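Following: one structure in structure tokens, then a few remarks.
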2 protein chains.
Amino acid sequence: MGITDRKEREKEELKETILKAAKTLFLEKGVEKTSMRNIADRIEYSPGIIYHYFKDKNEIFHALHQEGFKTLSEKMEVLSVIQDPLERLKAMGKIYIKFAMENPDMYDLMFIKEAPLCHVFDSEKEEWIEGGGAFNGLRMTIKQALADGYFPAHESESLAYMVWSTVHGLVSLNIRKRCEVIDITRRENIVSDGLDAFFKLLG
Amino acid sequence: MGITDRKEREKEELKETILKAAKTLFLEKGVEKTSMRNIADRIEYSPGIIYHYFKDKNEIFHALHQEGFKTLSEKMEVLSVIQDPLERLKAMGKIYIKFAMENPDMYDLMFIKEAPLCHVFDSEKEEWIEGGGAFNGLRMTIKQALADGYFPAHESESLAYMVWSTVHGLVSLNIRKRCEVIDITRRENIVSDGLDAFFKLLG
DNA sequence: TGGAATATTAAACAGTGTTTAATTAATTTT
DNA sequence: AAAATTAATTAAACACTGTTTAATATTCCA
């Protein structure tokens, strides 16, 4: 039946409209400072309607959260052509940081904010699927590096976490404006300079 | 005159009481979820009174912020006896992480949350004094390390930022519950294991 | 066309940070 | 000591917030 299909589509459309408006506002003025009424105003509907499409504000957040991970993992796809694990690792770091610096609010949503993660993995103890997939790419690369003789005496899981921590630290301190302590002449490029320093350390 | 002094002291006392109540609640249920009425309830005063001692909620946050930095810098004092810069750097990392893991909510307040930093350095462009002091200790240690021949071809500012980023990343990903991606058998000790991996990389 | 289902809304509820004017208490001045 | 002044404290209000409810408008199918 094409009719029910179209109905479904139209329903999906409004859902999409809500999501788009929410995204704009969330990334513009932050999640906390965006109210349901703000979203409703923007799409020219009453606030109540949103609750027909999303359980609550957190569910909207969660939908955008997933969207962000999809975008990031798409950007990581180009890595498959890089054979050398160390080179791939470095390229990975660059992509990660580029994504974070180009979409700071989305990065914030994905990795810094706290609110709604319970939503993400608490349900059915499925352990944060999106994030797990992304981290697995890093883990595999590290494992291959170890197998190829890089980083002797290291162990994959803690090394992978440490690598992730470094790139996350570089961008999150910057996003959350803790870089005021950095020498002003170095501040502008401190994130990529820090990444280079890390690469130098990796060898 | 002792009388005005005592008055001053009594005034300070209520301020201290507010601060203590706010701290308890902030660290118990988070800053966002603690309302001014909650604080007022706890000290058995009306909500309005708080505004006689603090401009707004942010100012309370800021006061606790400073307190956290004082505590952390006190813990760093023992470092002065360590001569070798690399050893001192490692000890620094351990203290930093220990502080963060023992006071996750305070750490969150100091380095992860975003709200009130404008308060901290925007006033008089004095550039985030507390944080600057703490970072300077790291910077000095790194500079000494470079002077002593450690980390050849590295440069102090970006290296210092990278080191800070790594330890911050290690703890902040953990505090903000992004460690669900880590192998469950390794999860409990992943922060200190990650730190060890970093130390191994430093040499 | 009438009845059922759905979409949408207006209104209410309990909460928020903050400001205001009023009230109580303390201090100083007469 | 009494009155006037100042400070401390409060109750009430304002304009918000997320969410729920019952009522209304719209659409669909028989």
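The sequence lines fix the lettering, A, B, ..., with proteins before strands; numbering per chain opens at 1. Keep in mind that what you see is a predicted model, and the values were worked out from it rather than measured.
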| side-chain contact (heavy atoms from CB on, under 4.5 Å) between B:His62 and B:Phe54, intermediate numbers included | CA-CA 10 Å; B:His62 182 202; B:Phe54 297 93; over 6 Å; no
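- Sorted by first and then second residue, the pairs that involve residues 154-175 of chain A and meet salt bridge (Lys or Arg N to Asp or Glu O under 4.0 Å), not counting sequence neighbours, are A:Arg139-A:Glu157, A:Glu155-B:Arg186.
- Two residues are said to be in side-chain contact when any heavy atoms from C-beta on lie closer than 4.5 Å; B:Asp105 and B:Phe26 fail this criterion.
- Nucleotide C:dT18 holds its P atom 5 Å from the CG atom of B:Asp56, rounded to whole Å.
- Counting to the nearest Å, the C1' atom of C:dT16 and the NZ atom of B:Lys33 are 14 Å from each other.
- At C:dT6, none of the side-chain N or O atoms of A:Tyr53 fall inside 4.0 Å of OP1 or OP2 (strictly under the cut-off).
- Atom P of nucleotide C:dT6 and atom CG of A:Leu14 are separated by 16 Å, given to the nearest angstrom.
- At a threshold of 4.5 Å between non-hydrogen side-chain atoms, the residues B:Tyr107 and B:His168 count as touching.
- Ring geometry for B:Phe135 versus B:Trp164: interplanar angle of 30 to 60°, hence tilted.
- Within the structure, salt bridge (Lys or Arg N to Asp or Glu O under 4.0 Å) contacts touching residues 39-52 of chain B (residues at least two apart or in different chains) do not occur.
- Distance A:Lys55 NZ to D:dT19 C1': 11 Å, rounded to the nearest Å.
- If you take CD of B:Glu59 and P of C:dT18, they are 11 Å apart, rounded to a whole angstrom.
- One can place CD of A:Glu13 at 14 Å from P of C:dA7, the figure rounded to the nearest angstrom.
- Nucleotide D:dG18 holds its P atom 14 Å from the CZ atom of A:Phe61, rounded to whole Å.
- Between the base of C:dG17 and the side chain of B:Arg37 there is a donor-acceptor pair shorter than 3.5 Å.
- Residues of residues 38-51 of chain A having a heavy atom closer than 4.0 Å to DNA chain D, listed by number: A:Asn38, A:Tyr51.
- Near DNA chain C, meaning a heavy atom under 4.0 Å from it, residues 18-29 of chain B has no residue at all.
- Straight-line distance from the NE2 atom of A:His52 to the P atom of C:dT9: 10 Å, rounded to whole Å.
- Contacts of A:Tyr51 classified as side chain to side chain contact (heavy atoms under 4.5 Å, CB included), with partners at least two apart in sequence or in another chain: A:Met36.
- For B:Met101, the side chain to side chain contact (heavy atoms under 4.5 Å, CB included) criterion is met by B:Ile97, B:Val171, B:Asn174, B:Val191, not counting sequence neighbours.
- A donor-acceptor pair under 3.5 Å links the side-chain atoms of B:Asn103 to the main chain of B:Phe99, judged by distance alone.
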